[in-house]
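Order of the sequence lines sets the chain letters (A, B, ...), proteins ahead of strands, with each chain counted from 1. In this text, all values refer to a predicted model and were calculated from it rather than measured experimentally. The figures here come from the full heavy-atom set of this structure, side chains too, leaving out hydrogens, waters and symmetry mates.
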Amino acid sequence: MSLSREHELHKRRFSRNMGLGLALIGLVAIVFGLTVVKVSTEEFTEPLFGEASE
Amino acid sequence: MSDASLNSHTHTTTLPSDGGFSDFFALLKPRVMTLVVFTAFVGLYAAPGDIHPLVGLIAILFIALGGGASGALNMWWDADIDRVMRRTRNRPIPSGRVTEREAFGFGITLSAIAVVMLWLATNWVAAAILAFTIFFYIVIYSMWLKRWTPQNIVIGGAAGAFPPMIGWAAVTGGISLESALMFSIIFMWTPPHFWALALFMRSDYDDAGVPMLTVTHGRRATRVHILVYTLLLAGLAVGIGFTMVGGPIYVAASVALNALFIKGAWQIWRRSEEDAEADNYKVEKAFFKLSLYYLFALFGVIALEAGLAPFGLGGW
C-alpha cells in the first residue's frame, strides 16, 4: 500500500491532532476563566499586607 | 504506528490506532451525553443558592466529560459484545478505527481530568459523586452485573441517574430530598426505556449473550415489568412536584406526561408477542420514542419552574 500525501490516514491524523490542539486550548481558557472568577469572589479577597484594618 | 503494522493491513480501509477526532468523540457516546448535560443543568439550575454562570457552565462541561469518559471505558470493556450486536457493530473499537488500549487510556485520562476539574470548579461532594458514578458504571455495572443478572438495566440505570444530583451538589455542596428524587426518576425511567428497546431489538441481546430480561424471563415478563416500573415512576415523578423544585405547572405537566406514559406501558402490557410481530413492534417503538420526550419534558418543566420563580410565578 502506498501512502501518498493525500491518503485518508493523514486526514484522520490531522483531524485528531487538530481536535487535541483545540481541546488543550479550550482547557487553558477554562482554567484561566475559572481562576479569574475564583480570585474575584469575596471570600478570596484578603487585605493587603500592612494595610490597617478599620 | 510502525510500517510493519501498516503493511499488515493492506486489505482494510481503516487502520488501527489512527482514528480521527470523530472516532474519539464517538467513544464519548454523544447521544447519551445530551441527557447527562440536560439533567445536570436542571439539577444545577433548580438548586437553591447561587453559582457564577461561568462556574456553572464549567461544572456541566466536566460532568458531561465524566459521563463521556465512562462511555469510553464502557466501550473498552464491552468491545466483545459490541462486535456481535448489530446496533453497536460500527462503534470505533469493533470497526477497528480505535484500539481497545487507546479507548482505555482515553477514558481513564478524561475521567481524572473531569473529576479534578469539577472539584476545583465547585466542591468535593460534586466531584466525589462524579467519581463514584464513573466507578459504578464501569466496575459495578459493566464489569460485574451487566453479564450476570437480568436486572442489569435496573442497576445500570443508577449511573445515568446521578447527573442531576451532581449538578445540585455543585451549587449546594450536598444532597437533599429533591436531588434524591431527581435521581429516583431517572433510575425508575431507565428500565422501561431499555426494555422497550430490548423488545424490538430482539436478536441483538440474545446473540451477544447479555442476560437481558427478555432473554432470561421471557417477553411476557418484560411487558409486565415495563408496566410496574412505569407505575412506580409515575408516583415519584408526580411526587417531586410537591417539593421545593415543583409547583402547579410541574404537577399539571407531570400528571399529563405520566398519563401518556402509563397509557403506552398499558398498551405494551396488553399486547401479545403475535400482535407485536404483526405490526413490527409499532407500539414498543412508539413507547421507546415517547420515553425520551417524557424525560426531557419532565426535567424541562422543573427548569421552567426554577426560571419562573424569580418572577413570582414558579414554585409553590
- Query: Do any of residues 63-74 of chain B have a heavy atom less than 4.5 Å from a heavy atom of chain A, and if so, which, in residue order?
  - Reply: none
- Query: Taking it one step at a time, do A/R16 and B/F24 satisfy side chain to side chain contact (heavy atoms under 4.5 Å, CB included)?
  - Reply: CA-CA 8 Å; A/R16 193 179 58 189; B/F24 283 90; 3.6 Å; yes
- Residues two or more places apart in sequence or in another chain: which of them pass side-chain hydrogen bond (donor to acceptor under 3.5 Å, both in side chains) with A/N17? none
- Note on the structure: In short, A/L34 meets B/M117 closest at the heavy-atom pair CD2-CE, 4.3 Å
- Item | Heavy-atom contacts under 4.5 Å, residues 44-58 of chain B to chain A | B/H52, B/L54, B/V55, B/I58
- Message: Does B/F25 have more than 12 heavy atoms from other residues, nucleotides or ligands lying within 6.0 Å of its CZ?
- Response: no
- May I ask you to decide if B/G20's main-chain N or O and A/K11's side chain share a donor-acceptor pair within less than 3.5 Å? no
- Between B/L120, B/D23, B/I113, which residue shows the highest count of heavy-atom pairs closer than 4.5 Å to chain A? B/L120
- Message: According to side-chain contact (heavy atoms from CB on, under 4.5 Å), who are the partners of B/A161, at least two apart in sequence or on a separate chain?
- Response: B/F183, B/I186, B/F187
